[in-house]
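One structure is given below, encoded as structure tokens.
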Amino acid sequence: MSAALYLLCHENNSAHHTREIDRERLIVRRGQSFSITLQCSDSVPPRHYLELILDEVVIKGRKERGAGDKWWFNEQQVQNEILLTVHSPADAIVGQYRLAVLLMTPTGHIFQETKKVEFHLLFNPWCKDDVVYLPEENLLQEYIMNEAGIIYMGAWDNIKSIPWNYGQFEDYVMDICFEVLDNSNNALKNSKMDMELRSDPVYVSRIITAMVNSNGDRGLLTGKWNEPYTDGVPPYQWTGSVPILKQWSKNGIRTVKYGQCWVFAGVACTVLRCLGIPTRLITNFSSAHDVDGNLSVDFLLDERYDSINRQRDSSWNFHCWVESWMRRDDLPKGNDGWQVLDPTPQELSDGEFCCGPCPVAAIKEGNVGVKYDARFVFAEVNADIIYWMVKQDGQWQKIRVDQSGVGKNISTKSVYGDHREDVTLHYKYPEGSKEEREVYKRAGGQVTESTNDIAEPLQLQLSIKHADCVGVGCLFLYCAAHKEVLRLRYDDYVRCISDHNQIRVKAVLEALGENKPIMAMANIPLSRPELLIQVPGKAVVQQQVTAYISFTNPLPVALNGGVFTVEGAGLLYATKVHVRGNVFPGQKVSVKLAFSPMRTGVRKLLVDFDSDRLKDVKGVATLVVRKKY
């Protein structure tokens with residue numbers, strides 16, 4: 001008598017929301033049953049019974065519902081085959097399993113055994129008993145199923161966005177996600193203990209934040225925050241996570257160069273969504289990095305108002321991390337829900353460059369003793385900024401205190417479309433409110449009087465008009481009734497432009513007879529040119545379409561070394577199209593690219609253009625890919 005096992009991959013994967021990952025392999029979610037069939041050449045002898053072997057563990061059959069914390073199955077005779085319904089616990093370990101079916105004699109001996117088959121088990125946010133359970137379907141469609149994202153960047157008063165291809169269901173991505181877990185320091189030190197802990201999303205997500213960066217481990221990405229990037233890919237050139245994951249795996253677990261915060265966060269979002277943990281990418285504008293934990297960011301200036309190199313605290317125009325949704329059974333009540341996870345390597349946490357998960361609810365209430373890294377995250381969104389002048393005799397003079405300059409317009413992509421949702425009030429009470437200052441004090445901050453609230457005899461204001469990449473930008477300085485106008489041409493500001501197309505301006509006013517100078521700062525945002533993408537005709541799966549991509553050089557100088565990078569989940573893998581020769585001022589450059597969509601549905605085609613003088617020009621087009629008729 002021979003027996004064969006059939007995994008019903010199409011049916012199971014559809015029911016478990018994993019069909020987009022793979023249609024040929026069995027991929028299921030914990031806490032939800034799945035079905036397999038056993039076909040026997042002959043009928044089962046009387047009083048014989050079935051057992052399942054799952055990774056060397058025997059699973060018994062039951063006629064009624066078994067214990068929720070155990071694997072179990074029931075069986076049903078259907079024509080000439082046996083239908084087995086397998087039930088996994090909602091806290092099962094995620095990963096790869098091997099399964100075989102045994103036909104046992106009445107005396108407990110093996111009469112027949114099938115070949116072992118493999119399947120993968122993921123977290124299940126659709127299951128109410130799973131700690132990552134998220135009850136609203138529209139949130140699940142965005143935070144698990146959506147492969148196209150938007151990342152916000154720029155400055156709090158000039159918010160820009162770029163598209164990002166998460167691609168969590170692209171070929172081989174799930175396998176690479178488990179490969180990432182297998183190469184963590186914990187897994188390499190004690191694989192058995194690491195595997196047992198993979199039932200816990202708190203543990204798994206924390207490992208992911210450590211492994212997305214390569215500081216101190218075999219992680220995915222090396223961070224770099226300034227030119228040159230000649231031995232790798234500049235951070236602003238990436239348009240999605242998939243090429244990074246594939247390059248890391250293909251090159252033998254070697255770190256990929258280079259990333260910055262939004263790249264780290266984008267890759268983390270891909271991995272966490274793929275594993276089944278609801279995740280969204282967050283941008284915190286005017287984000288603080290408080291090194292010494294005093295909940296203030298101290299900037300040191302010399303008597304000429306130049307920055308002093310020895311300072312360790314810093315502030316960023318924006319900083320990106322992710323939030324993942326989970327129940328925190330390891331913490332007191334009130335800490336469930338969204339958890340901050342920051343994969344950018346900033347400070348050590350328990351000896352690793354990782355951060356979180358930290359409950360957003362704890363940050364809002366100033367409960368900075370909560371696991372993990374709550375004090376650091378609290379400072380990122382709520383630190384005070386203090387400017388000090390260091391005199392020649394070593395004395396420090398406080399010249400400005402800003403209590404509301406950190407943690408502005410905290411943003412994420414809306415579940416209702418491609419627009420921004422502001423989540424600032426999830427992290428903090430309204431700036432300047434009594435509750436906000438009380439929380440700051442509860443967190444251990446030294447409450448100081450803000451110079452923003454002190455009546456000054458002289459007020460300095462910076463105003464910017466006509467700031468763009470072309471021609472002239474005007475900078476206006478107002479002081480009482482006096483106005484100064486500074487005109488900036490391209491030649492003046494070209495050397496001062498950051499990777500994010502911004503110029504930081506600092507102005508200081510010293511008045512005769514006044515001991516205390518007045519200082520103001522502003523960011524000059526430079527607009528990017530428009531990148532036009534057209535895909536004419538209807539898009540049908542596995543049938544060729546052509547994308548036409550163009551833009552016009554807005555600068556008064558020629559561009560050299562131009563390259564378009566094109567990718568899109570379900571459309572095509574990352575592809576580079578090089579531009580021949582120079583692109584002169586005012587010249588329009590056009591390229592075309594043919595590809596065949598791989599999967600149906602609403603898809604995003606992402607394009608990036610970079611050259612020697614103009615970088616990080618992004619564009620996106622939406623395609624509806626239909627089935628073949």
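No side-chain donor-acceptor contact under 3.5 Å links R613 to the backbone of L559. Side-chain atoms of S161 never come within 3.5 Å of backbone atoms of Y152 as a donor-acceptor pair (strictly under, hydrogens ignored). Judged purely by atom type and a 3.5 angstrom limit, R375 uses its side chain to pair as donor or acceptor with the backbone of A443. Formation of a donor-acceptor pair under 3.5 Å by the E421 side chain with backbone atoms of S411 is not found in this model. N409 contributes a side-chain N or O that, together with a main-chain N or O of W156, makes up a donor-acceptor pair within less than 3.5 Å. Distance alone, capped at 3.5 Å, is enough to place a donor-acceptor pair between the Y440 side chain and the L295 backbone. With hydrogens and angles ignored, the 3.5 Å screen pairs a side-chain donor or acceptor of W238 with a backbone N or O of Y258. In this structure, S414 contributes its side chain and Y416 its backbone to a donor-acceptor pair below 3.5 Å. N213 places a side-chain N or O within 3.5 Å of a backbone atom of P343 that can act as its donor or acceptor partner. A donor-acceptor pair under 3.5 Å is absent between the side-chain atoms of S287 and the main chain of F318, judged by distance alone.
Residues passing the salt bridge (Lys or Arg N to Asp or Glu O under 4.0 Å) test with E365, sequence neighbours excluded: R442. With sequence neighbours excluded, the residues that form a side-chain contact (heavy atoms from CB on, under 4.5 Å) with V545 are V535, A539, F595, P597. Taking the side-chain hydrogen bond (donor to acceptor under 3.5 Å, both in side chains) definition, one finds that T565 meets it with K576, sequence neighbours left out. R206 meets the salt bridge (Lys or Arg N to Asp or Glu O under 4.0 Å) test with D350, D373; sequence neighbours excluded. When the salt bridge (Lys or Arg N to Asp or Glu O under 4.0 Å) test is applied to K364, no partner is found at least two apart in sequence or on another chain. For E380, the side-chain hydrogen bond (donor to acceptor under 3.5 Å, both in side chains) criterion is met by Q346, not counting sequence neighbours. With sequence neighbours excluded, the residues satisfying side-chain contact (heavy atoms from CB on, under 4.5 Å) with Y203 are N186, D194, L197, D200, I207. Evaluation of the side-chain contact (heavy atoms from CB on, under 4.5 Å) rule for E20 yields R23, E147, F169, R599, R603 as partners, not counting sequence neighbours. Residues that satisfy the side-chain hydrogen bond (donor to acceptor under 3.5 Å, both in side chains) test with E347, not counting sequence neighbours, are H289. R626 is linked by a side-chain contact (heavy atoms from CB on, under 4.5 Å) to K538, V624, counting only residues two or more places apart in sequence or in another chain. In this structure E142 satisfies the side-chain hydrogen bond (donor to acceptor under 3.5 Å, both in side chains) test together with N146, K413, sequence neighbours excluded. Residues meeting the salt bridge (Lys or Arg N to Asp or Glu O under 4.0 Å) test with K246, sequence neighbours left out: none.
Taking the side chain as every heavy atom from C-beta outward, L134 and I144 never approach each other to under 4.5 Å. Residues V340 and V360 form a side-chain contact, since some pair of their non-hydrogen atoms from C-beta on lies under 4.5 Å apart. Contact annotation: the side chain of C355 approaches that of F376 to within less than 4.5 Å [non-hydrogen atoms, C-beta and beyond]. Taking 4.5 Å as the limit, some side-chain heavy atom of P359 sits within range of a side-chain heavy atom of R328. Side-chain contact between I282 and Y427 is present, with at least one heavy-atom pair separated by less than 4.5 Å.
Nearest heavy atom pair, residue V131 against residue P201, reads CG2-CG, 3.4 Å. Across all non-hydrogen atoms, the minimal contact from G276 to R29 is CA-NH1, 3.6 Å.
T222 and S214 share a donor-acceptor pair across their side chains, judged by distance under 3.5 Å alone.
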I'd like to know whether Y573 forms a side-chain hydrogen bond (donor to acceptor under 3.5 Å, both in side chains) with D171, so could you lay out the CA-CA distance, the side-chain angles of the two residues, the decisive distance to 0.1 Å, and finally the verdict. CA-CA 10 Å; Y573 300 127; D171 290 346; 3.0 Å; yes
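Atom CD of E438 has more than 12 heavy atoms from other residues, nucleotides or ligands within 6.0 Å.
Going from atom CE of M153 over to atom CD of Q260 covers 9.0 Å, rounded to the nearest 0.5 Å.
Aromatic ring centroids of H426 and W338 lie 6.0 Å or more apart.
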